[in-house]
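Values below: all heavy atoms of this structure, side chains included; hydrogens, waters and symmetry mates excluded. Here is how names work: the chains are called A, B, and so on, in the same order as the sequence lines, proteins then strands, and each is numbered from 1. A quick note: this is a predicted structure, and the numbers were derived from the prediction, not measured.
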Amino acid sequence: MSLHLYDTSTRSTREFHPARTGTASIYVCGATVQSVPHIGHIRGALNFDVLRRWLTHLGNDVLLVRNVTDIEDKVLAKAKAAGRPWWEWAATHERAFETAYSELGCLPPSIAPRATSHVTQMIELMQRLIDAGHAYAAGGDVYFSVASFPEYGALSGQKLDAVQQGESAGEGKRDPRDFTLWKTAKPGEPSWSTPWGAGRPGWHLECSAMATFYLGPEFDIHGGGMDLVFPHHENEQAQSRAAGDGFARYWMHWSWVTMSGEKMSKSLGNVVAIPELLTQVRPAELRYYLVGPHYRSTIEFSKTALDEAVAAFRRIESFLRRVVQQTGGVEPGAPHPEFTAAMDNDLATPSALAAVHNAVREGNVALDSGDEVSARAAAGSVRAMTGLLGVDPLAPNWAQVAGADSGATRALDSLVGHLLEERQRARAERDFGTADMLRDRLLAAGITVEDTPDGPTWTLKDN
RNA sequence: GGCGGAGUGGCCGAGUGGUUUAGGCAAGGGCCUGCAAAGCCCUGUACACGGGUUCGAUUCCCGUCUCCGCCUCCA
């Protein structure tokens, strides 16, 4: 089976054929940098990171553009409320997103373009739309004429007549459903000059301008959260196609993270921030939790569900550790056919993880029976599969985050090693009181000791 | 009002018109272990409700109930 993806615009799963064989171009709506990221924001980035890894695995040269909306009403309002320059506010939160992305193992995008750096491209697009009769300027604002574009509503399945009012009416709107491409400058607000007056970008325009600037008039995949389907993506598609561009060939939308059944959002105050969560679980564990459910399913956030994900991840991790400790380092091998079939089926990560766990079990059985060759093969496969999901426990990026392999670790290894030798002597003399005392002492220091056929091993109790 | 999604075993979470089990966590029983941990084996018989189609539906159709999302900024 080849890769099939669910396409919002057709509401069906379609076989993926890139416009140019061997390449895949992706544009994903990234952050509006008005505040710190919560796990809902990051989930989307992780979903597309998995998509990108899978496309790369399938042999594609992937271009991934993830934009940054750094000029927008809320950015201005919040910066003003905080008494800071709007651009500093935006830059500060952009860094917060970057940090979260990278802590959770997102590969960097090909580029992360900012809206404010692409006003030239926006002006060009507006000019094309005005020339084609699909947009008009009115008192410094520029609007897209929805009625001029019969296809409007095709992506989201909305009927133009049934759509309620639309964005708040501007002065010069000819039709209340028209949307704003460009906003005239208000006193005290940042602005850029255009042929129609000084102002700033409307929300939708930037994505069309940047997507086509980097990826061309037609590209493969465009994605974002479910809430962007209408009006944001509908409007993007309208303005780009009205201008004569083919635009996105597949539309992918991920679902929410909810809290108590409700969409996580600032206004409801039910957000879980990334830094806070990372004091409780390791980044790889959080990633496992967010990547495990299918991307189009809602995740109802709960601590118990998170803890279960942690346990599942550690099961994989401890298998790999056992293999490495007993047989030496293992490099990633090849994914199981089951895993591949699951991923090809619209990135069915739940089934893919089932394949991972089956491989873990087989590997454990092999290890217990002394079949090192099979155990190592299973471990290599597990590394490959988890790596494609970005949750390989042995991947170097997690170690960097944890600050392992330091001199302190080596010192600890030496000290613990001596205690374990002492304990082994006691055990050999069947002095279990002393042996257990030593184990308890290590445990009290946060070190878990396990006896294996090849001798004792120790690990730091996490967190 | 318009459009869309969801309701699965103790919990999380997939999937399918029947003949074979998702997977994980938790629970009970076993193996292993000085003990423990880890690991492995076994057990649980689920699919909101009411109709319909069918030889057969959790899986298709219709209706009902409940929940959620979008239509205004939103991942």
Interatomic distance where [atom1] belongs to [X] and [atom2] belongs to [N] [whole Å]:
| X | N | atom1 | atom2 | answer |
| --- | --- | --- | --- | --- |
| A/Leu104 | B/A75 | CG | C1' | 15 Å |
| A/Arg314 | B/A26 | CZ | C1' | 16 Å |
| A/Arg361 | B/C25 | CZ | P | 10 Å |
| A/Leu155 | B/G2 | CG | P | 21 Å |
| A/Trp458 | B/A38 | CH2 | C1' | 17 Å |
| A/His41 | B/A75 | NE2 | P | 5 Å |
| A/Arg177 | B/C71 | CZ | C1' | 13 Å |
| A/Leu353 | B/C25 | CG | C1' | 14 Å |

Set out, in order, the CA-CA distance, both residues' side-chain angles and the distance that settles ring-ring contact (aromatic ring centres under 6.0 Å, His included) for A/Tyr214 and A/His118, then state yes or no. CA-CA 11 Å; A/Tyr214 291 105; A/His118 297 78; 5.4 Å; yes

Of the candidate nucleotides [options], which contains the atom at the shortest distance from the side chain of [X]?
| X | options | result |
| --- | --- | --- |
| A/Phe432 | B/G34, B/A75, B/C3 | B/G34 |
| A/Arg11 | B/G34, B/G4, B/C40 | B/G4 |
| A/Asp368 | B/C40, B/C25, B/G2 | B/C40 |
| A/Lys159 | B/G2, B/C25, B/C35 | B/G2 |
| A/Arg315 | B/A75, B/A36, B/C25 | B/C25 |

Using Watson-Crick or G-U wobble geometry with both distances below 3.5 Å, tell me the partner of [N], or none.
| N | value |
| --- | --- |
| B/U43 | B/A27 |
| B/C67 | B/G5 |
| B/U20 | none |
| B/U72 | none |
| B/C60 | B/G52 |

Taking only side-chain nitrogens and oxygens of [X], does any of them come within less than 4.0 Å of OP1 or OP2 of [N]?
| X | N | result |
| --- | --- | --- |
| A/Thr32 | B/A75 | yes |
| A/Lys263 | B/C70 | yes |
| A/Arg322 | B/G39 | no |

From NE2 (A/His38) to CG (A/Leu277), nearest 0.5 Å: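 The NE2 atom of A/His38 sits 12.0 Å away from the CG atom of A/Leu277.
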
Kindly compute the distance separating CZ (A/Arg282) from CZ (A/Phe313), expressed to the nearest 0.5 Å. 5.5 Å

Say we look at [N] and [M]: how far apart would their [atom1] atoms be, to the nearest angstrom?
| N | M | atom1 | value |
| --- | --- | --- | --- |
| B/A37 | B/G30 | P | 14 Å |
| B/U64 | B/G29 | P | 48 Å |
| B/G44 | B/C49 | C1' | 25 Å |

Taking atom CZ as the centre, does A/Arg114 end up with more than 12 heavy-atom neighbours from other residues, nucleotides or ligands that are less than 6.0 angstrom away? no

Taking the six-membered ring of A/Tyr6 as reference, does the NZ or CZ atom of A/Arg296 fall below 6.0 Å from its centre and within a 45° cone about the axis?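 Checked: cation-pi criterion met.
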
Can a cation-pi geometry be assigned to A/Arg14 and A/Tyr250, taking NZ or CZ under 6.0 Å from the six-membered ring centre and within 45° of the ring axis?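 Relative to the ring axis of A/Tyr250, which defines the angle, A/Arg14 lies inside both limits.
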
SB check A/Glu189 A/Lys183 (cutoff 4.0 Å):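 Looking at A/Lys183 together with A/Glu189, the answer is no, because their closest N to O distance does not fall below 4.0 Å.
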
In terms of side-chain geometry, is the basic nitrogen of A/Arg321 or A/Glu450 positioned less than 4.0 Å from the acidic oxygen of its partner?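 Not counted as a salt bridge, because no side-chain N and carboxylate O are separated by less than 4.0 Å.
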
What does nucleotides 8-15 of chain B look like as a protein-contact string, B for base, S for sugar-phosphate only, - for none, at under 4.0 angstrom between heavy atoms? ---BSSS-

Ignoring hydrogens and angles, are the base of B/G34 and the side chain of A/Arg427 linked by a donor-acceptor pair under 3.5 Å?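 Result: at least one qualifying N/O pair found.
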
Only counting residues at least two apart or in another chain, list the ones meeting salt bridge (Lys or Arg N to Asp or Glu O under 4.0 Å) with A/Arg287.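 Expected list: A/Asp49.
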
When we call it a touch if two heavy atoms are under 4.0 Å apart, what does A/Asp73 touch: a base, just sugar-phosphate, or nothing?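 Touches nothing.
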
